[in-house]
Amino acid sequence: MFVRSGFLAAALLAGLGLAAAPARAQIIYGQPAQGEIDLVYAHWKLTLDEDEVTIDQFAVPVTAFLPLRENLEARVYVAQSNTTVSQLGQDFELNGLTDLRLQVNQSLAGDQVLLGLGVNLPTGKKGLSLDEEWVVMNYLSQTFLSFPVRRLGGGFGLNATLGGAKEVGDYRLGLTAGYDLAGAYEAYLDQGDYKPGNAFAVTLGAQREFGTRLLNADLTFTTSSDDKLDDTPVFSRGDELAFHAGLAGKAGAKGYRGDAYYRLRGRNTVYDPDGILLQQLKIYGNEFLLGGALDFHGAAGWAWGPRADLRLIAGNEFGFGSTSVVGLGGQVARALTPHLNLTLNLKYFTGSTHGGEIDLTGYQAWVAAGGTF
């Protein structure tokens, strides 16, 4: 309806290859155990002439942080999501749990070395139907749409992280390498065992403080092996180079932050059913994201402020045009007790994709309740 058939076919493979993001983080010294449960509702509408598609997702992510001992921590993530796509007078649904992800991090040598080990437990929904649930996955895999949950179940997976940091003059420099080993699983019912490619990423970062301001930047290179279906190559995600720069600071009762991201994506490889190379073209174009936030801190634990972001995505090599989306909103937070915080975030999106031919509108409401215990 909105995208060329060749693009849809490639998007199916890309959707299958969406990797679960490992919960990697720096060790936080002296922090108590923490937990958070979120209620998120996301809505998008795509309009082309008289045709219209709407996508609605309600998600409940749950996260926990557990200090195990000095310089050793564990992080846990799982979510439930319900997504509905309405098009051509029909509704298509995809509902279920995500996989349970656990990450354990160990800090050594005075926070100069970080070791991490993560596991992806296959608790999420798999074996999706091609007549209904594939339609939903196709839209969830599109980079110009934002959702709290993009995929559900996968296979048993492991990831390992090794990082180091060092003070050099006024700068703190860091180098981190990570390897994700993905297991095979039945992605679609009766379609064989799908094995996402293993991924390797290396990040070089730098930080510098200027009084109450913190400037940081990092560069990440990611590469992966081929995705396979019953041991036959079907897709390669291609290499990616991502750059990020951010500035955060305080001025009296005000806090602010701004971030810029640029992702340079390589070509994707698609194979025919016999595992022979069919084509090497970009499914997703290069992407630029600019975001900022301003917070005002008041009495009785209140904080509030505006949020804004701009996303620009270049056209791909299948003939699908460029995207531009603006997000405007705000956040209100309140510390209800010394151990319980409540946050409400609202954001409205407007823009277009496919070179301006498809109008995009959307909104997201996010309520988070978190605390220490």
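The model shown is predicted, which means the values in this text are computed figures rather than measured ones.
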Do L289 and L310 sit in the same hydrophobic cluster, where Ile, Leu, Val, Met, Phe, Trp and Tyr count as joined when their side-chain heavy atoms come under 4.5 Å apart? no

For the residue pair F147 and A42, what are the closest heavy atoms and their distance? CD2-CB, 4.3 Å

Treating E317 as the side-chain partner and K282 as the backbone partner, does any N or O pair qualify as donor plus acceptor under 3.5 Å? yes

Is a side-chain donor or acceptor of T98 paired with a backbone partner of A79 at a separation under 3.5 angstrom? yes

I313 side chain reached by T143 side chain, heavy atoms, under 4.5 Å: yes

Which atom pair, heavy atoms only, marks the closest approach of H354 to G319? CE1-O, 3.2 Å

same_hphob_cluster(L214, F243) at 4.5 Å side-chain heavy-atom cutoff: no

Answer whether the closest heavy-atom distance between the side chains of L100 and V76 falls below 4.5 Å. yes

Within-4.5 Å side-chain heavy-atom neighbours: I283 and F318: yes

Test Q142 against Y284 for side chain to side chain contact (heavy atoms under 4.5 Å, CB included), laying out the working first. CA-CA 8 Å; Q142 306 309 316; Y284 299 124; 4.2 Å; yes

Closest contact, heavy atoms only, G321 versus T353: O-OG1, 4.3 Å

Counting only N and O atoms by type, is there a donor-acceptor contact under 3.5 Å from the side chain of E186 to the main-chain atoms of D190? yes

Please answer whether the main-chain N or O of V40 pairs with a side-chain N or O of D38 as donor and acceptor at a distance below 3.5 Å. no

Side chains of V113 and S107, heavy atoms from C-beta outward: is any pair under 4.5 Å? no

Going by side-chain contact (heavy atoms from CB on, under 4.5 Å), K45 matches just one of T54, D56, V53, I55. Which one? T54

Between atom CZ of R75 and atom CZ of R101, what is the distance when rounded to the nearest 0.5 Å? 13.5 Å

Would you check if Q331 and L344 make a side-chain contact, meaning some heavy-atom pair closer than 4.5 Å? no

Can you name the closest pair of heavy atoms from T220 and A201 and give their distance? CG2-CB, 4.4 Å

Does W366 share a hydrophobic cluster with F349, counting links as ILVMFWY side-chain heavy atoms below 4.5 Å and allowing steps through other members? no

Inter-residue atom distance N268.CG - L281.CG, 0.5 Å rounding: 8.5 Å

Is V136 reachable from L130 through a run of I, L, V, M, F, W or Y residues, each pair having side-chain heavy atoms under 4.5 Å apart? yes

R172 bridged to E209 by N-O distance under 4.0 Å: no

Using atom types as modelled and distance alone, determine if a side-chain donor or acceptor of H339 lies under 3.5 Å from a backbone N or O of G371. no

Neighbour count >12 (heavy atoms, 6.0 Å) for atom CZ, R213: no

Return yes if some donor-acceptor pair links the side-chain N/O of Q364 with the main-chain N/O of Y348 below 3.5 Å, else return no. no

In terms of heavy-atom contacts, does CG of D231 have more than 12 from other residues, nucleotides or ligands at under 6.0 Å? no

Might you confirm whether atom NZ of K347 has over 12 heavy atoms from other residues, nucleotides or ligands at distances under 6.0 Å? yes

Among L94, L140, T84, find the one that has a side-chain contact (heavy atoms from CB on, under 4.5 Å) with Q57. L140

Heavy-atom nearest pair, S236 first then D226, reads CB-OD1, 3.3 Å

For a 4.5 angstrom cut-off between non-hydrogen side-chain atoms, does V234 reach Y194? yes

Gap separating the CZ atom of R69 from the CG atom of L66, nearest 0.5 angstrom: 14.5 Å

Return the CG to OG1 distance between D274 and T232, rounded to the nearest 0.5 Å. 8.0 Å

Is there a side-chain contact between V104 and L72, using heavy atoms and a 4.5 Å cut-off? yes

Between G154 and K126, what is the shortest heavy-atom contact and its length? O-CD, 3.1 Å

Chi angles and distances behind the side chain to side chain contact (heavy atoms under 4.5 Å, CB included) call for Y179, L158: CA-CA 8 Å; Y179 187 77; L158 295 171; over 6 Å; no

I would like to know whether D239 and F221 meet side chain to side chain contact (heavy atoms under 4.5 Å, CB included); could you show each step before the answer? CA-CA 7 Å; D239 297 339; F221 173 74; 3.9 Å; yes

Hydrophobic clusters here meaning ILVMFWY residues chained together by side-chain heavy-atom distances under 4.5 Å, can you tell me if V78 and V60 are in one? yes

Mark yes when over 12 heavy atoms from residues, nucleotides or ligands other than Y171 sit less than 6.0 Å from its OH; otherwise mark no. no

Which residue, N120, D99, V119, forms the side-chain contact (heavy atoms from CB on, under 4.5 Å) with F156? V119

Per-pair distances, 0.1 Å, donor-acceptor, side chain in residues 249-264, under 3.5 Å, sequence neighbours excluded:
from : atom 1 : to   : atom 2 : distance (Å)
D259 : OD1    : H244 : NE2    : 2.7
R263 : NH1    : E240 : OE2    : 2.8

Does the pair L173 and K166 meet the rule for a side chain to side chain contact (heavy atoms under 4.5 Å, CB included), with working shown? CA-CA 5 Å; L173 305 180; K166 185 175 181 60; 5.5 Å; no

Donor-acceptor contact below 3.5 Å, side chain D218 vs main chain T203: no

Using the rule given for side chain to side chain donor-acceptor pair (under 3.5 Å), can you reason through Q87 versus Y139, listing the C-alpha separation, both sets of side-chain angles and the distance that settles it, and then say yes or no? CA-CA 12 Å; Q87 65 177 18; Y139 285 101; 2.9 Å; yes

Quick check against the 3.5 Å criterion: does R307 have a side-chain atom that pairs as donor or acceptor with the backbone of G291? no

Measure from the side-chain N and O atoms of D227 to the backbone N and O of G197, and report whether any donor-acceptor pair falls under 3.5 Å. yes

Taken to the nearest 0.5 Å, the spacing of Q106 CD from T161 OG1 works out to 13.5 Å

Could you tell me whether the side chain of Q280 reaches within less than 4.5 Å of the side chain of L277, counting heavy atoms only? yes

Ignoring hydrogens and geometry, is there a side-chain-to-backbone donor-acceptor pair from Q112 to A109 under 3.5 Å? yes

Look up atom CG in L336 and atom CG in L342, then write down how far apart they are to the nearest 0.5 Å. 5.5 Å

